[in-house]
Participant: 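The structure's right below; bear with me while I get my questions together.
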2 protein chains.
Amino acid sequence: MSLVEKNKMNGDLNKRLTTGGLRLTPQRQQVYDVLIQKRDHPTAEEVFIRAKQAMPDISMATVYNCLDALVQCGLVRQVQLERGATRFCPNMEEHCHYYCDECGTVFDVALTGNSAVVPRPKGFKIDHYEIAVHGLCASCAAKRKK
Amino acid sequence: MSLVEKNKMNGDLNKRLTTGGLRLTPQRQQVYDVLIQKRDHPTAEEVFIRAKQAMPDISMATVYNCLDALVQCGLVRQVQLERGATRFCPNMEEHCHYYCDECGTVFDVALTGNSAVVPRPKGFKIDHYEIAVHGLCASCAAKRKK
DNA sequence: TCCTAATTTGGAATTATTCTAAGTATTGAC
DNA sequence: GTCAATACTTAGAATAATTCCAAATTAGGA
Ligand SMILES: [Mn+2]
Ligand SMILES: [Mn+2]
Ligand SMILES: [Zn+2]
Ligand SMILES: [Zn+2]
């Protein structure tokens with residue numbers, strides 16, 4: 001990412017946070033950076049490991065706090081693909097998740113207008129929906145064939 | 001459920017289990033009964049509480065084991081709607097879950113042929129997909145309006 | 001009947017997360 | 001700038017949900 005892009009991003013990050021009475025701290029910035037730099041839906045633990053490389057004194061509790069703050073102000077979403085650790089995704093566009101049951105890779109696929117229309121049961125007020133597709137990623141599917 | 005239906009169900013249950021080298025035990029039958037009797041997607045804890053009413057000596061470990069056995073042989077599916085306890089669903093038809101973020105109710109809606117077609121990224125071998133719709137159930141939505 | 005493998009069970013261990021309380025940093029009124 | 005109020009970070013304790021373990025029990029087949 002260029003410096004210009006980064007500054008813009010931090011501006012947005014700041015605006016989003018402050019609107020909810022939150023502050024833009026170095027730790028929150030770092031955690032958000034980690035999520036933006038590698039959009040592979042890491043767990044809190046993985047975010048912690050990556051964040052520590054740039055910021056060795058950051059603590060696990062802070063990583064949880066930061067992730068929580070980012071989720072609160074709508075910059076990051078939580079994803080539950082299987083039982084176990086929650087994963088985090090900074091892509092706030094409408095998309096669905098493809099999860100490889102073999103190697104654990106996760107990737108996003110944008111939901112365009114006509115794809116995936118869910119039923120609208122009478123009276124139920126839909127807030128949002130999550131679509132998780134399980135299977136084998138291209139690479140694992142190829143290996144399996146051999 | 002009538003006795004005839006119940007016997008048939010146990011026959012199916014037995015066949016499904018034995019195909020995988022598993023046995024139809026009273027505990028497994030009880031756990032499955034609990035799921036069939038009230039299809040509200042209970043957690044393991046809730047299954048335990050309900051199963052104990054008919055079978056007071058059943059243990060939590062056994063409930064976990066039984067649920068696992070039922071999932072293994074394709075009679076029950078696990079559902080992750082939020083972080084926290086896994087829920088269990090005995091409906092093996094293709095359906096999506098509507099979850100009320102206010103009161104926690106969960107219900108199934110069948111997916112008919114044309115609804116919810118997910119993208120098929122090249123190379124990815126789809127096994128199955130999970131659709132979770134979050135929002136307010138009819139009753140909570142009505143209350144909210146007041 | 002006896003053997004073997006499957007199952008159940010209570011309790012210990014583990015995993016992921018949340019809570020707590022103390023210290024640190026930032027903001028904004030004066 | 002000073003000072004108080006508020007937000008934030010942190011280590012470690014506590015909790016929730018699940019998994020693991022090893023011993024006792026049960027059940028199907030020679
Ligand atoms: Mn995503
Ligand atoms: Mn269901
Ligand atoms: Zn894979
Ligand atoms: Zn509701």
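A, B, ... follow the sequence lines: proteins, then strands. Residue 1 opens every chain.
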Participant: Determine, step by step, whether A:His134 and B:Asp127 satisfy the side chain to side chain donor-acceptor pair (under 3.5 Å) criterion, reporting the C-alpha distance in whole Å, the side-chain angles of both residues, the deciding distance to 0.1 Å, and the verdict.
Facilitator: CA-CA 6 Å; A:His134 289 248; B:Asp127 179 67; over 6 Å; no

Participant: Can you tell me the distance, in whole Å, between the CD atom of A:Glu82 and the C1' atom of C:dA16?
Facilitator: 13 Å

Participant: Report the distance from atom OH of A:Tyr64 to atom P of C:dT17, rounded to the nearest whole Å.
Facilitator: 4 Å

Participant: Between which nucleotides of DNA chain D, 5' to 3', does chain A make heavy-atom contacts below 4.0 Å?
Facilitator: D:dT6 to D:dT18

Participant: Exactly one of B:Gln78, B:Arg39, B:His41 should register a side-chain contact (heavy atoms from CB on, under 4.5 Å) with B:Cys89. Which one does?
Facilitator: B:His41

Participant: At under 4.0 Å between heavy atoms, what does A:Thr25 touch on the DNA or RNA strands: base, sugar-phosphate, or nothing?
Facilitator: sugar-phosphate

Participant: For DNA chain D, whose closest nucleotide is more 5', that of B:Gly84 or that of B:Pro26?
Facilitator: B:Gly84

Participant: On DNA chain C, check which nucleotide each of B:Gln27 and A:Ala85 is closest to and give me the residue with the more 5' one.
Facilitator: B:Gln27

Participant: Salt bridge check: are B:Asp40 and B:Arg50 linked by an N-O gap of less than 4.0 Å?
Facilitator: yes

Participant: Check the distance between C:dT17's P and A:Gln78's CD and give it to me in whole angstrom.
Facilitator: 9 Å

Participant: When you check the gap from the basic side-chain N to the acidic O, do B:Glu102 and B:Arg144 get nearer than 4.0 Å?
Facilitator: yes

Participant: Return the orientation label for the A:Phe107 and A:Tyr98 ring planes: parallel under 30°, perpendicular over 60°, tilted otherwise.
Facilitator: parallel

Participant: Grab the CG-C1' distance between A:Leu17 and C:dT27 for me, whole Å please.
Facilitator: 16 Å

Participant: Restricting to non-hydrogen atoms, name the atom on B:Tyr99 and the atom on B:Val106 that form the minimum distance, rounded to 0.1 Å.
Facilitator: CD1-CG2, 3.7 Å

Participant: A:Arg87 has an atom CZ; how far is it from atom P of C:dA16, in whole Å?
Facilitator: 11 Å

Participant: Toward the 5' end of DNA chain D, which comes first, B:Arg23 or B:Asp68, by nearest nucleotide?
Facilitator: B:Asp68

Participant: So if I take residues 39-61 of chain B and measure heavy-atom distances to DNA chain C, which residues fall below 4.0 Å?
Facilitator: B:Asp57, B:Ile58, B:Ser59, B:Ala61

Participant: Strictly distance-based, threshold 3.5 Å: is any side-chain N or O of B:Arg16 a donor or acceptor partner for the main-chain N or O of B:Cys73?
Facilitator: yes

Participant: Does any part of the side chain of A:Val118, heavy atoms only, come nearer than 4.5 Å to the side chain of A:Ile126, both counted from C-beta?
Facilitator: yes

Participant: Measure CG/B:Asn65 against C1'/C:dT9 and give the value in whole Å, please.
Facilitator: 9 Å

Participant: For salt bridge (Lys or Arg N to Asp or Glu O under 4.0 Å), just list the numbers for B:Arg87 and B:Glu82, CA-CA rounded to whole Å, side-chain angles, deciding distance to a tenth of an Å, and then say yes or no.
Facilitator: CA-CA 10 Å; B:Arg87 292 157 174 274; B:Glu82 356 100 82; 3.7 Å; yes

